[in-house]
Structures are given as C-alpha cells and as structure tokens.
Amino acid sequence: MNVVLIDSGGANIGSVRYALERLGVEAPLTADADLIRGADRVILPGVGAAGAAMAMLRDRGLVEVIRGLQQPLLGICLGMQLLFEASEEGGVPCLGLLPGKVTRMRGGEGIRIPHMGWNALTPLAPHPLLDGIDAGAQAYFVHGYCVPVTTDTLATCTHGQTFAAVVGRGNRFGAQFHPERSAGTGARLLRNFLSERLA
Amino acid sequence: MLSRRIIPCLDVRDGRVVKGVRFRDHVDMGDIVALARRYRDEGADELVFYDITASPEGRVADRGWVERVARALDIPFCVAGGIRSVEDARRILHAGADKISINTPALERPALISELAEAFGEQCVVVGIDSLLDPDGEWRVRQYTGDPSRTQALARRTLDWVIAAQQRGAGEIVLNCMGSDGVREGYDLEQLKEVRALCSVPLVASGGAGTAAHFEAVFRDADVDGALAASVFHSGAIAIPTLKRQLAAAGIPVRPVD
C-alpha cells in the first residue's frame with residue numbers, strides 16, 4: 001500500500017512516519033501534488049497553529065489537491081481540524097471538507113487548557129476505523145481547540161466539554177488525538193485506516 | 001476524564017541514562033532506548049529525557065538519541081537540556097520529540113518562551129523550574145542545576161516565575177522541588193499547592209517520590225496533572241503497573257496499562 005504524509009511544515013510530524021514504520025509501512029513526507037494524488041492513503045498530520053498550517057498548504061499549492069482527493073484521507077490533531085470549514089484559532093478559513101467550525105476549548109475549575117494527556121474515547125457507533133477500539137480506551141491528546149460533536153463524529157472525548165475525538169464522512173477521516181503517541185489504541189487506529197475494509 | 005500522568009524521568013549523560021541524589025554523584029542506569037521501551041511496556045504515560053550536562057556545557061541535547069527514542073516509542077516524550085533558541089528546539093522536535101522543556105535558558109532570557117510558543121504552539125513548550133526554599137521562607141528558583149559547581153540561586157521568587165512563564169506562553173510547568181529531590185520522603189505538597197493555585201496550564205510535580213502513597217497524595221492534595229520520578233522507577237522500588245492499580249483503587253483516574 002502506497003501511503004503518503006503531507007508535509008504541512010509542522011515541527012514533529014516525523015513521529016507519524018515512525019509510527020507507520022512500526023506497522024511496516026514506509027510513508028514519505030511530501031508536498032509533491034502528484035505523489036499525494038497517486039497515493040492509496042493520505043495522512044495530513046499537523047502540530048502548531050491553524051493559520052500557519054493553512055498558509056503553508058496554500059503556499060505549496062496543496063489546498064485544491066487535498067480538496068480533490070478521493071482516496072481515504074486522515075487528518076491528525078491540527079490536521080483533523082483543518083478538514084473543517086474554519087477555525088477560531090486566528091479566525092482562518094480551513095479546507096471545508098467537513099461541515100463545522102473549530103472552537104477554542106473552555107477551561108474551568110480543574111479543567112486545564114491545553115487539554116494535554118491521556119483521555120478516554122467513547123465510540124458512538126461501530127465503524128471500520130474504530131475496529132478493536134473499545135469504549136474507555138485511552139488516547140493521547142494535546143490541543144487547545146476542538147471540533148464540536150456533529151453527525152460526522154465517530155467517537156467523542158470529554159474534557160470540560162464533550163468534543164469530537166474521531167470523525168469520518170465518506171473517505172475523509174480525522175483523529176483529534178495523536179495515534180502515533182497513543183500506544184496500542186493509536187496503532188490500532190492507524191492499522192484500521194490502512195485496512196482494505198476502509199476504502 | 002483526563003488521566004493523571006505517571007512520568008519516569010531519564011537523566012541522560014553521554015547517551016546513557018544516569019541518576020544521582022540531589023543532582024550529584026551520577027551512576028549509570030543503562031541504555032536510553034532499552035529503558036524507554038521498558039517504561040512504555042510497564043505503562044508509563046510519558047517520558048522526560050533530561051540531558052543533564054547540555055546546559056552547563058553550553059550545548060543542545062544530541063539529536064541522535066532523540067531520533068532513536070522517537071522511532072522506538074509510541075507514547076509521548078519531552079526533551080530537556082541546553083535548548084536556547086528556536087533553531088535548537090526545531091532540531092529536537094524534528095528529531096521526533098513531542099515537547100521541549102527549557103529551564104536555565106528561559107531564566108536568562110524569558111522571551112525565549114514566547115518565541116518557542118509562537119513557532120511551535122504552547123503545547124510543545126514546557127518550562128522546568130528548579131526551586132528551593134530559602135532561609136527567609138521564600139521559594140526561589142535555581143539555575144545551572146545540572147552542574148553542582150555552577151548551580152546558582154536567583155533573586156526570582158518561584159511563584160512569580162510560575163506566573164511570568166505562563167504569561168510568556170508556557171504550555172506546561174514542571175516544578176522540581178529540590179529540597180525533596182532524591183530523598184524519597186514525598187513530594188513537596190505545600191509548595192506544589194501554592195504553585196497549583198497560580199498555574200492554569202498542566203502542572204507536573206517532580207522531586208521526592210518514594211512510595212505509591214506519595215503519588216496518591218500529590219494527585220489528591222496538590223491536584224497536579226502529572227507526577228515525575230526517576231530513581232524509584234529505575235531501582236524497581238515502585239513498579240508502574242502496581243502503582244497505577246493502587247491509584248485507581250484510590251479513585252485517581254489513571255490510564256490502565258495496555
């Protein structure tokens with residue numbers, strides 16, 4: 001299987017590549033439109049701020065490339081947020097592949113922002129992307145913005161508020177947590193994304 | 001519900017894990033990747049690698065071992081040691097670290113915190129604070145703590161620095177209470193509680209873990225997000241699976257061992 005990671009300029013996107021290596025998949029990190037279009041699976045990782053990441057994708061001519069992808073696409077963390085219409089972070093328009101807007105998380109008594117650490121997933125319905133991931137399985141999150149629960153939400157997580165932890169519509173998927181840093185649960189999600197059942 | 005994190009800290013010198021008592025007399029504990037894997041398998045939630053000689057020697061942590069760790073580990077890890085610029089941080093993050101922790105360089109030039117937060121996001125930026133109680137009853141920060149011959153007391157009050165670091169963009173604070181470090185008599189709950197009251201970002205307690213009850217106390221009484229320890233894990237005095245079961249039984253949310 002031909003898997004590529006979109007080079008969105010984030011600082012530590014190498015760790016997603018290592019996670020795929022551990023699953024026996026060599027995935028190049030690339031900004032090459034043809035390589036991305038020709039892949040069987042495309043992953044959009046992302047760490048940093050929404051505005052900077054969208055500017056980078058625009059500069060590299062990748063916005064329309066990503067919008068046109070028909071094969072399974074997985075956004076991770078900020079990469080998932082970029083799939084939506086817009087983000088409150090810097091008030092920037094995003095890729096608009098999924099309906100909804102990214103909002104700032106609200107802190108509060110005992111609720112520290114950024115949401116940093118291991119938290120439980122609640123799958124909403126069976127889905128091939130969530131095979132083997134049971135209710136209560138924990139994943140590693142690091143984020144200060146989130147996507148509200150919509151009809152595209154496959155699993156939720158709660159930190160002060162309940163938000164979308166895994167999303168999917170058609171061939172477009174996203175994980176708010178970091179599968180590459182979520183031990184067995186994360187490896188399972190990545191394996192599911194690479195599975196033939198998904199496409 | 002967010003789990004409380006158990007964080008083994010691996011002090012690194014010359015590519016090996018070492019441990020000393022009260023920052024002195026380091027002894028070899030083993031290979032970095034082997035120890036990292038062991039802790040991951042035992043259920044550590046995160047690891048911190050602290051290159052203890054990088055800052056005193058005026059160099060950045062070596063990216064070679066950072067990359068080896070990043071390839072092997074599927075839990076998050078943070079690297080500390082000698083990071084004094086955006087470029088230094090970029091090299092460590094590109095090598096695969098999830099977070100970088102700064103201590104002495106942030107004290108020398110607090111603007112470094114905001115530069116790193118702007119470049120990589122606050123979630124990547126951990127500010128480590130070494131703090132000691134002075135005879136006048138104030139906690140104050142120390143710098144160059146990796147090298148006892150160069151360790152300096154500063155006029156800066158720990159509580160003031162906790163506030164300033166957050167204003168600059170620290171995404172997490174690790175408070176190392178030097179008075180309790182290495183002696184295994186428990187975390188400095190009094191100091192951690194005071195810092196917690198001023199800290200709206202995640203707070204990690206460091207220094208003093210000796211028994212499972214110490215972890216329970218620091219989560220329950222000081223409401224910290226994570227507890228860091230080194231020697232009790234390296235020596236096997238505390239096994240992480242047992243510790244997590246004990247915390248769970250006490251009603252403290254922890255991630256079950258995979």
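As the structure is a prediction and not an experimental result, all values here were calculated from the model. Each chain gets a letter, A, B and so on, in the order the sequences are listed, and its residues count up from 1.
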Atom CG in B/Asp98, atom OG in A/Ser15: separation rounded to 0.5 Å?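 These two atoms lie 5.5 Å from each other.
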
Quick check on A/Glu85: does its CD atom have over 12 non-hydrogen neighbours (other residues, nucleotides or ligands) under 6.0 Å away?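 More than 12 within 6.0 Å, yes.
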
Taking atom CZ of B/Arg37 as the centre, does the number of heavy atoms from other residues, nucleotides or ligands within less than 6.0 Å exceed 12?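 Counting other residues, nucleotides and ligands, CZ of B/Arg37 stays at 12 neighbours or fewer.
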
With a 4.5 Å cut-off on side-chain heavy atoms, are [Y] and [X] touching?
{"X": "B/Ile75", "Y": "A/Arg181", "result": "no"}
{"X": "A/Met116", "Y": "B/Lys99", "result": "yes"}
{"X": "A/Arg112", "Y": "B/Val201", "result": "no"}
{"X": "A/Gln138", "Y": "B/Ser3", "result": "yes"}

Could you look at A/His115 and say if it's the side chain, the backbone, both or neither that has a heavy atom under 4.5 Å from chain B?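 Side chain only.
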
Less than 4.5 Å to any heavy atom of chain A: does that hold for the side chain of B/Gln123, its backbone, both, or neither?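 Answer is both: backbone and side chain atoms of B/Gln123 are under 4.5 Å from chain A.
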
So for B/Ala119, is it side chain, backbone, both, or neither that comes closer than 4.5 Å to the heavy atoms of chain A?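 Answer is neither: B/Ala119 stays 4.5 Å or more from chain A.
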
Can you list the residues of residues 68-77 of chain A that sit under 4.5 Å from chain B, counting heavy atoms only?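 Listed by number: none.
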
Just checking heavy atoms, which of residues 17-43 of chain A are less than 4.5 Å from chain B?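 The residues closer than 4.5 Å to chain B, in numerical order, are A/Tyr18, A/Glu21, A/Arg22.
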
Looking only at heavy atoms, what is the nearest atom pair of [X] and [Y], with distance?
{"X": "A/Pro114", "Y": "B/Pro202", "value": "O-CG, 3.8 Å"}
{"X": "A/Gly184", "Y": "B/Arg40", "value": "N-NH2, 3.9 Å"}
{"X": "B/Leu2", "Y": "A/Asn119", "value": "N-ND2, 3.5 Å"}

Taking every heavy-atom pair that is under 4.5 Å apart, which of B/Leu203, B/Asp225, B/Ile92 has the most such pairs with chain A?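 Ranked by contacts with chain A, first place is B/Asp225.
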
Got a donor-acceptor contact below 3.5 angstrom from the A/Trp118 side chain to the B/Arg5 backbone?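 A pair under 3.5 Å: no.
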
